[in-house]
Amino acid sequence: MTHRGFREGVRSPLVLIAWLMLGGCSSSSKVPATPKCFLASDCQNLLQCVQGYCVKACAQSRDCPNGERCITAAEGNTCQPLETATCQYNSQCTKPLVCAFDQKCRDQCQQNIDCPTGQMCTSITHLCADPTIDKNYNPVTNEFVGANDGGLASGGAGGGTGGVGGAVTGTGGAGAGGGSGASDAGVDAAVPNPGDDSGTGGSSGGSVDAPVANPGDDSGTGSGGAGGSLGGATSLGGAGGSSKRDAGQAGTTGTACTPGQAPTKFAFAAKSDSDPNYTSGVGVLTATELLTFNGYVGPDSTDGGVADSGTVTLVNRIDVQHFDPISGKKNGSATPLLTAAGDGSGIYIAGAAVAPTGEIAIIYSAATGGDSYSYYGVYLAFLDKDLAPSQTTLFVVQGSDVNHDQSYVQWLNGEFVASSIFYNGSYAIKVGRFGADGSNLGITRALPTDNPSGSVSSADVAEGEVAFSGNTFAAAYFGPGPGPSLTFVDASDALTEVGSPLAPLPSANNNSVVAVAGTSEGFVALYNGTSSSSGYSLVATYLSNSASAGDAGVPVGATYAFLGGFAYQSARSTRGSSAGTGAGFAALYPDGSVTFLYFSADGSIHGNPQTVLQQANTAGGGDEAHITSFGGKFAVSLYSGTEHLTRVITSTCQ
């Protein structure tokens with residue numbers, strides 16, 4: 001196995017001429033480089049040493065000599081060096097500035113008074129805009145043009161029902177066309193010209209099913225219509241799926257990023273309401289909004305918390321809250337979504353996933369009869385596209401869910417795939433597969449591992465996550481070996497083992513976490529491990545599809561070590577998700593921050609690991625990092641056990 005260290009880098013800023021085109025001064029003369037400094041004495045002519053550059057103090061932008069923006073720094077209002085004005089990540093902006101959607105480091109604000117003189121605090125994004133230099137600022141709406149990402153608008157569903165073949169050779173019916181992808185189906189598109197938010201509707205209906213070769217054979221292959229695009233950004237509505245069998249499948253969700261882009265830029269974080277009765281929480285992205293789901297244990301507010309007998313009624317409950325996907329602005333307070341299983345003894349939400357057609361699955365542990373592992377079971381709650389609960393399914397029986405936080409659900413290979421560590425004489429990974437409507441596909445079994453009994457670690461560590469690539473499922477676990485391993489099964493109903501499990505990866509045994517996600521060409525495992533270049537680190541190893549059978553002699557791909565130490569040792573600290581082409585991960589660090597990492601199809605790291613969420617406290621056992629994908633983008637969330645709330649943020653394209 002080869003090891004390759006990874007060091008964070010900073011991409012070069014935009015060249016000067018690009019800055020001039022985006023709103024700098026109109027002079028054709030070359031603007032001189034900003035002098036660098038270490039000490040105040042390095043600067044002349046009353047300039048101040050701020051962020052390593054000699055800059056002028058300012059009250060407003062017109063005080064700056066070369067068309068710079070006047071910003072609020074720790075030292076007071078100063079002219080922003082052109083060398084630090086552009087960005088791709090928040091880490092490239094010096095606090096308190098943030099990297100805005102237009103790739104400029106900007107001040108955040110609540111009111112105009114929070115900004116330098118002459119600048120306006122925008123209504124939705126809450127960023128300081130300078131009407132004199134920001135050509136993308138619209139004073140009528142008090143917002144930036146293109147601040148909403150059109151890539152989050154929803155295109156129509158794909159192909160509908162295919163015709164049923166007759167008793168004799170015939171032709172099936174046509175699939176239904178894609179729906180409208182116009183901008184009024186979602187937020188406005190990010191477009192180069194103000195006011196241009198037109199979108200393209202879905203295409204016409206799909207082709208008819210192929211002629212049936214044999215009597216009664218109704219397996220046509222007509223295509224559904226494609227979802228529309230929006231003002232220069234691809235909508236979430238992708239190409240329609242094939243209509244086969246009696247009911248055509250809905251179109252899969254299209255990739256929201258265009259070729260050459262990656263979903264590695266982030267909007268603004270949303271934060272749920274805080275409730276001392278919240279125990280856990282995750283966030284997801286849908287076609288139109290961000291959602292948080294928080295687990296609640298306490299009085300039943302639907303009946304005032306008092307039963308007919310006069311005693312206090314306790315419930316396990318899941319609350320939902322809605323947010324704008326770009327600004328993170330709340331669309332109302334948290335409200336009860338459903339009464340969960342159990343009797344009010346305890347609930348822990350471990351994960352959620354969204355189908356391309358909008359249905360949602362939530363996996364959680366709930367107690368009946370007491371707050372002890374012997375009273376917990378694992379359940380799946382299924383919601384339709386309108387968030388109406390459709391059914392609840394018991395996945396791991398009461399008493400078998402030992403640690404009640406080692407459960408996962410993801411949309412993989414056209415179905416919801418749930419997995420959980422359970423105890424039945426030994427610890428094993430249980431996997432189940434469900435339709436978008438929550439229908440049980442009847443495929444549930446314990447996965448094999450490198451232990452003859454199929455057992456995995458009995459510790460409460462991050463393991464048991466399942467990923468998909470090619471025609472193979474991979475599950476991550478800790479077995480009898482010294483480190484994390486992957487086991488592989490095919491996509492058949494029997495989930496038959498493929499080859500042998502991957503030998504243990506180099507790890508640090510006292511800080512055990514492992515997550516796995518699929519790309520279109522292989523798998524990436526993320527774990528606390530060792531690297532020859534940097535010692536103990538958060539480490540990622542890529543395994544191509546050609547090696548996914550675990551065959552001896554097939555080399556494992558590159559291993560990357562990310563400086564900064566371990567992810568926090570918790571069963572809910574490290575999660576992975578596939579966006580179709582690439583794989584994303586969320587890792588909770590001991591300082592309470594969540595880092596996002598993205599790997600391209602070939603397993604290469606794309607961009608830098610970046611901090612996307614930060615809670616008010618250091619990490620603790622009640623915290624939960626989570627990631628899920630929808631429409632080629634990711635939603636990363638962090639539940640804070642100290643603050644009793646969930647933060648969630650969505651990635652966009654760059």
Side-chain angles (χ1 to χ4, degrees), residues 14 17-27 31 56-73 76-82 84-87 90 93 96-153 182-184 186-199 230-233 265-270 323-331 652 654:
L14 297 177
I17 190 170
W19 175 82
L20 293 173
M21 293 174 63
L22 291 174
C25 60
S26 59
S27 172
V31 177
K56 181 182 178 182
C58 58
Q60 51 190 310
S61 295
R62 70 179 184 179
D63 296 331
C64 300
N66 299 309
E68 302 101 327
R69 183 187 314 281
C70 186
I71 61 171
T72 300
N77 287 3
T78 61
C79 298
Q80 183 180 36
L82 298 183
T84 65
T86 58
C87 59
N90 283 334
C93 300
L97 304 184
V98 297
C99 190
F101 74 99
D102 59 354
Q103 297 186 337
K104 293 183 180 179
C105 294
R106 295 182 178 274
D107 286 303
Q108 291 181 293
C109 57
Q110 288 291 337
Q111 302 178 26
N112 292 345
I113 196 174
D114 298 326
C115 303
T117 302
Q119 298 187 27
M120 308 297 293
C121 185
T122 55
S123 300
I124 297 177
T125 54
H126 292 287
L127 296 169
C128 293
D130 193 326
T132 65
I133 62 175
D134 288 321
K135 303 306 181 185
N136 60 343
Y137 172 72
N138 186 341
V140 176
T141 60
N142 189 34
E143 192 52 74
F144 294 103
V145 176
N148 287 330
D149 181 2
L152 292 172
S183 59
D184 59 1
V187 293
D188 285 349
V191 294
N193 299 313
D196 183 5
D197 60 357
S198 59
L230 280 180
K265 183 171 177 60
F266 282 80
F268 294 92
F323 304 87
D324 179 87
I326 300 301
S327 68
K329 182 179 179 181
K330 295 179 183 179
N331 293 325
T652 60
Q654 65 177 22

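Index from 1, following the sequence.
Taking SG of C115 as the reference point, atom NE2 of H126 lies at 11.0 Å (rounded to 0.5 Å). Distance SG/C99 to CZ/R106: 10.5 Å, rounded to 0.5 Å. Note: L97 CG to D107 CG = 5.0 Å, rounded to the nearest 0.5 Å. Residue K104 holds its NZ atom at 13.0 Å from OG1 of T84, rounded to the nearest 0.5 Å. C121 SG to I113 CD1: the interatomic distance, rounded to the nearest 0.5 Å, is 11.5 Å.
Side-chain atoms of N142 and T122 include no donor-acceptor pair closer than 3.5 Å.
For E143 (side chain) and T125 (main-chain N/O), a donor-acceptor pair under 3.5 Å exists by modelled atom type. In terms of modelled atom types and a separation under 3.5 Å, the side chain of N66 and the main chain of E68 share no donor-acceptor contact. With hydrogens and angles ignored, the 3.5 Å screen pairs a side-chain donor or acceptor of T652 with a backbone N or O of K265. Remark: the backbone N or O of C105 is paired with a side-chain donor or acceptor of Q80 at under 3.5 angstrom. A donor-acceptor pair under 3.5 Å links the side-chain atoms of Q119 to the main chain of C70, judged by distance alone. Side-chain N or O atoms of N77 include none that pairs as donor or acceptor with a backbone N or O of P116 at under 3.5 Å. A donor-acceptor pair under 3.5 Å is absent between the side-chain atoms of N112 and the main chain of M120, judged by distance alone.
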Steps toward disulfide bond (SG atoms under 2.5 Å apart) verdict (C79, C64): CA-CA 6 Å; C79 298; C64 300; 2.1 Å; yes
Where do I71 and T78 land on the side chain to side chain contact (heavy atoms under 4.5 Å, CB included) test, with the steps shown first? CA-CA 6 Å; I71 61 171; T78 61; 4.1 Å; yes
Determine whether D134 and R69 satisfy the following criterion, side chain to side chain contact (heavy atoms under 4.5 Å, CB included), listing intermediate values before the conclusion. CA-CA 9 Å; D134 288 321; R69 183 187 314 281; 3.0 Å; yes
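The two residues D114 and C109 have their closest heavy-atom pair at CB-CB, 3.6 Å. A129 and Y137 make their closest contact through CB-CD1, 3.5 Å (heavy atoms, listed as atom of the first residue, atom of the second, distance). A pairwise comparison of heavy atoms in D130 and T132 identifies OD1-OG1, 2.5 Å as the closest pair.
More than 12 heavy atoms of other residues, nucleotides or ligands sit less than 6.0 Å from atom NZ of K330.
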